[in-house]
Amino acid sequence: MPPVLELKGITKRFPGVLANDHIDLTLNEGEVLALLGENGAGKSTLMNILYGLYTPDEGEVYIRGKKVEIEGPSDAIAQGIGMVHQHFMLIPVLTVTENVMLGMESVKYGLFLDQAKAAKRVAELSHKYSLDVDPDALVGDLPVGIQQRVEIIKLLYRSADILILDEPTAVLTPQEVEGLFEVIRSLVAQGKSIIFISHKLKEVLEISDRIVVLRRGKVVGETRPQESDERKLAAMMVGREVILQVPKGPAHPGEKVLEVEDLYVLNEQEQIAVDGISFSVRAGEIVGVAGVQGNGQTELVEALTGLRPIVEGTIRVAGQEVTNATPRTITEAGTAHIPEDRQRDGLVLSYPIADNLILNTYYLPPVAKGMVMQREVIFSIAERLVKEYDVRTPSILTPAGNLSGGNQQKVIVARELSRPVKLIIASQPTRGLDVGSIEYIHSQLVKKRDEGVAVFVVSAELDEIMSLADRIIVMFEGKIMDIVPAEKATKEELGLLMAGVHPTDAAAEAEKEAVA
Amino acid sequence: MHEEISIRKARALGIAFIIFGFAVLALFLPGTAADQTTTFTFNLSSSEAIEIPPLTVGTRMALYFTALLSVALGMWQLAKGFKRVYLVLTFVSLLFVLAFLAWAAKGKSMNLTGMLQSTLLRAIPITLAGLSGVLCERSAVINIGIEGMMLAGAFVSALVGSVTQSYWWGLLAALLAGGLFGALLAVLAIRYKVDQIIAGTAINILATGLTSYFSSRYLQVHQELNHPPTFQPISIPLLGNIPILGPIFFNHTLLVYVTLILVVLIHIILFYTRWGLRTRAVGEHPRAADTLGINVFKVRYVNVIAGGIVAGLGGAYLVLSSVARFDELMTAGKGFIGLAAMIFGKWTPFGAFGASMIFGFADSLQTKLAILSVPIPSQFLLMAPYLVTMIVLAGVVGQANPPAADGQPYEKE
Amino acid sequence: MTQEKEKDKKEKRILKINWQAMAVPLLAIFTALVLGALIIAFTDETVYAAFRESGFFGGIGRAVEVIRIAYGALFIGAFGDPKLLWEAIVHGDGEAFTQAIYPFTETLRVTTPYIFAGLAVALGFQGGLFNIGAEGQYFIAGLATVFVGYSLKGVPAIIHLPLALLAGIAGGAFWGAIPGYLKAKTGAHEVINTIMMNYIAFRFAEFMLDVGGPMARPDSFRPVSPEIEPSAYLPQFFPSNSAIRFNWGFFLALAAAAFVGWLLYKTTLGYEIRTVGQNPHAARYAGISVPKTIILTMAISGGLAGLAGATDILGVLHFMPNAFASGYGFDAIALALLGKSNPVGVVLASLLFGALRAGARYMQGIAHIPLDITSILQGVIIVFIAAPEIIQTLYRLKQKIEGEEGVVFTRGWGQM
């Protein structure tokens, strides 16, 4: 019997990048195939080709031994291919049923939507694969984990039997990940074949039957979980031996630099996003915030940096009260901010690197004398920082938008850390970066800690928080579940806390007392 | 509106109600004598089945009553707070308008039915502009060129209507002209990914130039080319005889009925059909629609061209159902006001129609008051629709949610 | 060093003529003129008559003739008759010389308000704002200017003229700041609000100037303001020939262009304006007050548009007529787009439009082509500039080089 899916010699070029370089791949019936690779290795490109969103420059696709042309998503759907995208393709203002039936609508009298019929089908599917979803709920009101189920129902509604899951665990708690794995197993048991895309080694080892590793657009290896381990996979993925731990010595906490008391903040929908939390960060320590995305971390960081109004509570930086102060006041109080969305908040992509490096010092001497900006000074600062922080760029006049993600982040890091700061607030500092850049940014943060700066890091990557932080704050639904010392934290315990469950561990209770 | 509003806003609204109340007294009482009365009449023609007797009130009494009610509502809002405070805001605004009318028509009589009838007539072109906006923006294409599309529709309807001596051909030509400009906007916005506001502005300038050029080259030279026949009012049997409602809604030209039907029709299409669901999906999250095999470009092309046709209808209305001639720049901002109506109406057909009625009211008020010789310079009355537009925009935009992808070109990659 | 070179390039960016970058605008203008010619030929009755009477080639010949007459008149109306100019120079006749250059001085006179209005819209674009209200700002500034111009009497010119100009700037700035404030505080889109403010400005001007109105000329049956005092006049460039209306306002406009260039690219305020325009999120992050910058940008933009009104009154009209729809608002958008929101570009584009306008008036007289042909040309030019792909495909040009700092023109309703 031929394999369910076979890709032969798929090649895709983007301007200046060879995203997929003659990739061959097979998927057998009832198997979970893991596609492992770093960000930018070409996994998503390959899957977007398979789903008809990109057209390959070369290569062929065979389904059950038959060559097929996939020119658009409708062709892919017709061939039984379904994909859950990394960023969900859901429309928040529509109901679950509307989202599911979109493009394959049930219609009555040849004209009008038949919501009831489609809703019944959704209910059937969610029952059959134990994906508990209310068909009439608005998608925007659902938690991320449930939204993912809606995505899976969308595929099943279209009777897909090849399911592509693109980084499905990025937005889930460890417990939710377990739930997803249950779903995957039940799908496979009913004959579906699955391509599971990830860069997380542990998950790949746990769920897959076979692992294909991509690096720089090429297949660099194939293995089975039984024959491999994390270290081996990491080496294949990155192309060299990697250190999975951030090298750092013990922290020497000093004065309290950031003090937050009883903080309440609202989100865009005017609901409480940060629900009365208090904590502090001392000079010379790294405090990390763990939590599933959307539990108030973003709003917390925005409130700390003056980008979001504070309803109640106080914030002090280095003893100075900065509650509801402007971003500029907070910056001038000695705060550096590495923002979550670097392209939206941290950079003006159309500006040259030089202009981006003075984004929050443009009005201060020596960059400006009175109202007049000093070009020469700006250029010399830029030359120095580009060298010092190893920004790989042809020139300081290259627009920031032309740089790779890692180099863009280095521009921000250079700008923020080159100022005399007392506090660093870094939100998702390594999201989407290559291993080299991640190591570099981690080492810079640790270096600053050792120089006596207070560092506050928010990350969705639990591994990053666990290896970087000295103390870990776990947030759930806007509240602090617990603050635990990093060396005593276990992944299981943090996972429970992230899901809003207190481990009834007496030791943890005692620990909390000590910290507070 | 069920959404919770912040305490500060609630308090501000309460204070606003009280200020409205006092404003009524401060503005209108001084010039009003104790024995003056205002008469409101309700009959327009003899076609109504039942005559409604006129209502005569003491002007001062009316002022005291409306002022007191506003203040009382304001107090209640401050003390307890209304659940549906925006409804109350609408009511208080209405009270203020009533007080104003009572003052303006003191010692005279004012025909309220006539006023509402002219409100509807003046709301029609704005409604059509708003519907055009709804169609385009629900698929995420901003159409700021409605003004130009209406102008083009108005011009060709006058020209073709005059040449053929048939309003049907005039109407058809207007729809075609609107559709063509719609297609131009679609190509610029979708194919060439031009900044949509600039594309719309280019259409406005182009339509202004073309219509003025051809108008001075032909219509002004040959007056017979600017003299189209017009649609005549059709009274709907029975419905037309209902008092008050009959003259307001059921005694109009075909184009008015078509507009009212379009409001309902577009609502049904948007919210109850396959096409509508796809349109909304494309307006909110085009990539999601694309991944489900929906042709984003096709949805946008069809909607924008349809929007152009509706705008062309608006232009035809101005000529074929109203003044029976084309004048340069005769749309006078109605296309833009229609966009404001669309925003105020939260991108829904019924909302846009309701908002258009407010603008239509401001517009008809201005003519009415000029007749009543109210001591306000006519130029200030003429500003009313524009001022109302600005106030409304300032008041609602904060709460309005445009389609999420509005204004963004779609890149297929 | 390539870096040195690039730095150099950056420094000279404002002044350097980049032919590759100019190809699209030039071809857009050319194509618009071709389309205009077609419209002129297609709407000429004598062309149809020639087709009927003298066959195909006769018709074509007549069409070419009509276009030649029209565009010939356009050229002479814009730049003067070269023959007359040559004769005047040969004969050393000063009188004839000023006669001969009269059309060109008219072009420069019409160019003056265009530069101001174009700069107003360009500055707005740089700050991510779309000011369609140049027209209304022009009117309000006109009122303010003319009021200072006629009500102050016996003041020396050195005080009176600057005061009158300042009044114009203030009037325009105020009228521009209102939609700016509404945008900053409520998010109401400036496009609709500036248009509404235009209509309100017309009505307001009408009210002020109406016979018997607060600013009407006493004893006049026309709705016009009183004449301003000569002490507020902008000096004429050829004081000897009163027919020539070219005045020092033009140089004021050039100075304004230089000022805007300096402001945008050399000052912290310019950096703030451009940053808010390019990425308001990053601006907020950088500690720039976005609402304040929006209001300020709109005020400066309005002030520039106001100078268009002020110089028209102080340099040319010397009173305020109650005119409708001068067309500056839409023209200014075309200018800013054509000039790529760059001050030098705006000046060049204004010269072109000034020539078109001045020439079109002559063309109307000679060839009976309605003035509105210029609006059609402008509309077409905007389409081509906004969608350069059309021109690039039409003329098989190479796509433009990537990575230049683009100007964000506008944003949709919901985005700040």
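In what follows, every heavy atom counts, from backbone to side chain, and hydrogens, waters and symmetry copies are set aside. Predicted model, so just to flag it, every value in this text is computed and none were measured. Proteins come first, then strands; the chains are lettered A, B, ... in the order of their sequence lines, and each starts at number 1.
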> Rounded to the nearest 0.5 Å, how far apart are CD of Glu98(A) and CZ of Phe271(B)?
Replying inline: 10.0 Å
> Taking it one step at a time, do Phe112(A) and Ile268(B) satisfy side-chain contact (heavy atoms from CB on, under 4.5 Å)?
Replying inline: CA-CA 9 Å; Phe112(A) 299 107; Ile268(B) 291 175; 3.6 Å; yes
> Would one find more than 12 heavy atoms of other residues, nucleotides or ligands at under 6.0 Å from atom CZ of Phe350(B)?
Replying inline: yes
> Which residue out of Val93(A), Leu102(A), Leu90(A), Asn48(A) racks up the most heavy-atom pairs below 4.5 Å with chain B?
Replying inline: Leu102(A)
> What is the distance from atom CD1 of Ile91(A) to atom CZ of Arg280(B), rounded to the nearest 0.5 Å?
Replying inline: 9.5 Å
> What residues of residues 139-160 of chain A sit under 4.5 Å from chain B when you count only heavy atoms?
Replying inline: Lys154(A), Arg158(A)
>> Evaluate Leu94(A) against Leu277(B) for side-chain contact (heavy atoms from CB on, under 4.5 Å), listing each step before the verdict.
In response: CA-CA 9 Å; Leu94(A) 301 183; Leu277(B) 180 64; 3.9 Å; yes
>> Report which part of Leu266(A) has an atom under 4.5 Å of a heavy atom belonging to chain B: side chain, backbone, both, or neither.
In response: neither
> Which bit of His87(A) comes within less than 4.5 Å of chain B, counting heavy atoms only: side chain, backbone, both or neither?
Replying inline: neither
> For Asp290(B), is it the side chain, the backbone, both or neither that has a heavy atom under 4.5 Å from a heavy atom of chain A?
Replying inline: both
>> Taking side chain as everything from C-beta outward and backbone as N, CA, C, O, which of these in Met104(A) sits under 4.5 Å from a heavy atom of chain B? Side chain, backbone, both or neither.
In response: backbone
>> Let's go through His85(A) and Arg287(B) carefully: what are the C-alpha distance in whole Å and the side-chain angles of both, what is the deciding distance for side-chain contact (heavy atoms from CB on, under 4.5 Å) to 0.1 Å, and is it a yes or a no?
In response: CA-CA 11 Å; His85(A) 298 263; Arg287(B) 188 159 312 279; over 6 Å; no
>> Quick check against the 3.5 Å criterion: does Arg278(B) have a side-chain atom that pairs as donor or acceptor with the backbone of Gly103(A)?
In response: yes
> Taking every heavy-atom pair that is under 4.5 Å apart, which of Ile294(B), Thr291(B), Thr273(B), Asn295(B) has the most such pairs with chain A?
Replying inline: Thr291(B)
>> Check this for me: Lys193(B), atom NZ, are more than 12 non-hydrogen atoms of other residues, nucleotides or ligands nearer than 6.0 Å?
In response: yes
> Asn99(A) versus chain B, heavy atoms under 4.5 Å apart: side chain, backbone, both or neither?
Replying inline: backbone
